[in-house]
Amino acid sequence: MLTHYMDLGWRSIRKTPVLSALMVMAISIGIGITLISLNVFQLMSHNPAGERSSVLHMTQLWSQGPDSWEEYSANLTYQDTMNLRQSDIPVRSVASFRSGGAIHAEGSDAEPEMRSIRVTDSEFFAMFSVPFLYGGSWDKSVDMEAAHVVVINEDLNRTFLGGGNNVGKIIYLDVTPYQIVGIIDHWMPRPKYYDVTNGSMNFAESIYVPFSLTPHEEFPVWGNTSGWQFEPLITYNDRLLSEKTWIQFWAELPDEDAQMQFSQWLTSYVEQQQALGRFTDNTRTSWMRLLDVAEYLTDSEVVPEDNRIMIGLSALFLAVCLVNILGLLLTKFLKRAPEVGVRRAIGASRRQIFLQHMVEVSLIGLLGGVIGLVWAWFGLTTLADHLGMEEALGRLDPSMWIMTPSIALGAAMLAGMYPAWVICRTQPSVYLKSQ
Amino acid sequence: MLSMKKINKVFKTDLVETHALRDFDLQVEEGEFVAVTGPSGSGKTTFLNIAGLLEGFTQGEYTLDGVNVSRLNDNQAARIRNEKIGFIFQGFNLIPDLNLAENVEVPLRYRGFNSAERKRRVEQALEQVGLGARMKHLPSQLSGGQQQRVAIARALAGEPRFLLADEPTGNLDSLMARQVMELLEEINRNGTTIIMVTHDPELARRAQRNIQIVDGQVCDFTLYQGGDEPQAARA
């Protein structure tokens with residue numbers, strides 16, 4: 001009977017092409033907009049750390065004085081960072097900040113390019129599961145004894161060195177030569193969870209240099225630098241010695257024991273610093289916190305409130321579309337009342353009439369869903385082009401291929417339920433004479 | 001076959017109560033061909049709707065084929081309509097988007113017959129009304145008489161115990177009306193009970209029994225036995 005109802009539904013859709021097209025368009029636009037919002041929301045609320053989310057901890061300190069900031073700074077001062085790097089409790093620990101400079105290579109036809117750089121420690125790659133194509137990270141000793149070594153990504157390798165295994169070759173950052181020790185494969189975590197302070201949806205950097213070079217090379221800071229008191233930064237050293245916060249510090253703490261130990265270590269570190277006249281906000285009982293990746297993303301409001309409002313608005317728009325569809329379906333179905341009267345007279349039960357019409361509605365919903373997918377794809381591609389986020393937004397999340405027909409079907413059935421119920425209650429005797 | 005006792009049907013509005021049928025009694029035996037006549041508004045259609053379980057009634061008792069059908073729910077009524085009753089309407093009431101075979105097939109689908117059984121019955125019914133060669137035609141491609149034959153085929157395909165015909169020749173010219181009437185007579189000779197509402201006294205005379213309804217009550221029986229002259233009559 002289901003195939004028969006589908007056949008009848010399809011005939012009915014073809015019989016009233018304009019009305020059917022209106023309904024399909026209404027549902028497809030509603031679904032398309034909902035999908036775009038959901039996809040953006042899903043992208044932003046995705047936790048790319050996966051299973052390692054609970055192991056990686058962003059370390060934050062309340063280093064500000066009283067009556068200043070009301071929240072933890074996402075970043076640490078250079079002096080705190082250098083001190084925290086001394087702890088051997090974390091399995092791995094990584095300091096990093098975003099910098100940038102002009103990149104070029106000898107003998108390359110490519111023009112020098114300004115690129116963003118991540119200044120970080122050797123364990124960055126292992127900690128954030130960065131895949132290598134060639135070579136690997138620099139030696140751990142470089143984290144203490146600075147050396148001009150660099151890890152670049154495949155895109156940069158292709159642009160300036162023509163691709164392939166170029167480990168050992170030299171690339172220039174501004175005027176300083178760096179020896180390539182590793183080339184990473186395509187890696188684009190979204191959100192960029194290791195540092196959301198510089199745009200959670202920005203690209204991962206294409207160049208990675210040792211953090212230990214910071215005082216020597218005086219890398220410019222391309223990220224946020226925050227201060228809670230007036231401190232003139234005349235020299236780079238002023239920055240290094242200041243209370244300005246600008247460095248992210250991640251610790252890999254595999255279990256609760258390690259987390260507790262590191263918390264205790266941090267507490268005693270703060271006490272030492274207080275003895276030295278720092279961490280002066282005595283209104284607090286705790287001056288440190290460890291956030292795992294999920295907590296960090298939530299705390300950083302990676303999914304902005306606007307995005308949630310957008311989801312609500314798109315759901316509202318879908319609801320408006322559904323109300324329109326409800327009206328159109330009611331018109332369409334009531335026009336068919338004489339035929340339904342005949343069907344009822346010759347033996348159709350109300351349930352059978354209801355099912356027949358719900359199947360038709362489902363077909364309209366499915367058609368709307370398919371076209372809605374096209375709208376969503378078009379919308380996301382346009383949005384991705386506009387925002388320069390082709391990689392992240394330029395394709396539909398795989399779950400949407402299942403969610404879309406489900407939402408479209410559910411929405412259409414919701415809208416069709418009342419018209420189908422009205423028509424199935426048709427009193428056959430009313431129409432048999434008049435037809 | 002059909003027994004109605006003290007059937008009352010009252011239509012109520014805020015201001016008016018209308019008695020469409022009042023203490024309506026009727027007994028129809030198996031194999032009868034009964035014509036129902038009466039002036040407009042006398043209650044003929046209401047009677048037919050109640051007889052066909054298309055409408056309920058206010059009071060009384062209705063037994064159809066030995067089953068008390070006075071108080072059935074929608075599903076039960078639909079099932080009995082499908083299995084025991086065939087309908088023929090003045091306006092044919094074919095579904096315009098379906099071809100002849102599909103139109104005849106509709107009640108058989110609701111009955112749950114498999115494809116082979118449906119095909120057999122559709123072919124047989126359309127052959128019986130002389131339209132076996134036009135199964136794929138749409139109703140709009142047929143004359144009025146042919147459309148009514150399709151409607152009869154649809155009613156017959158389910159092999160009902162009785163046929164209810166509401167002005168079956170009302171929209172046909174005299175030649176086609178005669179052909180349809182001959183078809184109904186043939187069906188009746190094969191054992192199907194027929195109740196036919198008509199305004200046409202000529203057609204009514206061809207039935208075995210005439211019932212006249214006036215003001216919602218049976219007021220006259222006229223019995224014909226094969227000829228045109230009434231054999232007995234009673235008020």
Side-chain angles (χ1 to χ4, degrees), chain A residues 1-20 329 331-361 363-364 420-435, chain B residues 9 20 44-56 72-99 102-115 118 151 154-155 157-158 160 164 166-167 170-171 197:
Chain A
M1 211 57 180
L2 183 67
T3 50
H4 177 58
Y5 290 154
M6 286 171 77
D7 179 41
L8 291 178
W10 182 238
R11 289 185 199 207
S12 167
I13 288 168
R14 286 172 52 193
K15 191 183 174 187
T16 52
V18 176
L19 195 63
S20 301
L329 281 173
T331 309
K332 181 174 181 169
F333 287 175
L334 286 179
K335 208 172 162 189
R336 203 189 290 162
E339 178 192 321
V340 171
V342 175
R343 287 183 179 275
R344 295 272 291 123
I346 60 182
S349 65
R350 282 179 183 155
R351 187 175 152 273
Q352 286 168 317
I353 296 294
F354 183 80
L355 281 178
Q356 179 194 329
H357 288 84
M358 286 307 283
V359 169
E360 180 175 339
V361 166
L363 280 177
I364 289 170
W421 183 78
V422 168
I423 196 67
C424 85
R425 297 188 67 80
T426 297
Q427 188 62 255
S429 57
V430 175
Y431 297 98
L432 295 175
K433 267 279 187 190
S434 59
Q435 207 192 22
Chain B
K9 174 74 179 181
K44 301 189 298 295
T45 300
T46 303
F47 155 69
L48 208 68
N49 285 341
I50 291 172
L53 304 181
L54 297 172
E55 264 181 46
L72 297 178
N73 64 29
D74 181 74
N75 266 346
Q76 292 166 327
R79 194 173 190 82
I80 290 180
R81 281 200 299 271
N82 184 260
E83 291 178 3
K84 296 193 173 181
I85 306 171
F87 289 94
I88 302 164
F89 308 101
Q90 180 179 0
F92 324 133
N93 288 359
L94 298 176
I95 297 171
D97 306 329
L98 304 183
N99 65 32
E102 289 166 336
N103 260 290
V104 175
E105 198 182 26
V106 172
L108 306 179
R109 282 189 181 273
Y110 292 129
R111 190 112 157 233
F113 286 133
N114 64 32
S115 165
R118 290 200 306 268
R154 181 176 66 188
L164 290 175
D166 190 4
E167 301 275 8
N171 283 0
V197 167

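In the text below, chain A, chain B and the rest are named by the order of the sequence lines, each starting its count at 1.
In this structure, B:Arg81 contributes its side chain and A:Arg344 its backbone to a donor-acceptor pair below 3.5 Å. A donor-acceptor pair under 3.5 Å is formed between the side chain of B:Asp74 and the backbone N or O of A:Arg350.
Considering all non-hydrogen atoms of both residues, A:Gly347 and B:Tyr110 come closest at O-CB, 4.0 Å. Nearest heavy atoms, A:Ser349 versus B:Ala78: CA-CB, 3.9 Å. Contact record, B:Phe89 with A:Ala345: CZ-CB, 4.1 Å, taken as the closest heavy-atom pair.
With a 4.5 angstrom heavy-atom cutoff, B:Glu102 touches chain A only via side-chain atoms. If you measure heavy-atom distances from B:Arg111 to chain A, you find no contacts under 4.5 Å at all.
A:Val342 has its side chain out of reach of B:Phe92: every pair of non-hydrogen atoms, C-beta onward, lies at least 4.5 Å apart. Using a 4.5 Å cut-off on side-chain heavy atoms (C-beta onward), A:Arg343 and B:Ile95 make contact.
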Exercise for review: Verify side chain to side chain contact (heavy atoms under 4.5 Å, CB included) between B:Val106 and A:Ile346, making sure each step is shown before the conclusion.
Suggested key: CA-CA 8 Å; B:Val106 172; A:Ile346 60 182; 3.6 Å; yes
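Ranked by heavy-atom pairs shorter than 4.5 Å toward chain B, the options A:Met1, A:Arg11, A:Gln427, A:His4 are led by A:His4.
Below 4.5 Å, heavy atoms of chain A meet heavy atoms from B:Asn49, B:Leu54, B:Glu55, all part of residues 46-56 of chain B.
Classification of A:Arg336 and B:Asp97 as a salt-bridged pair fails, no side-chain N sitting under 4.0 Å from a carboxylate O.
Remark: B:Arg79 CZ is loosely packed, at most 12 non-hydrogen atoms of other residues, nucleotides or ligands lying under 6.0 Å away.
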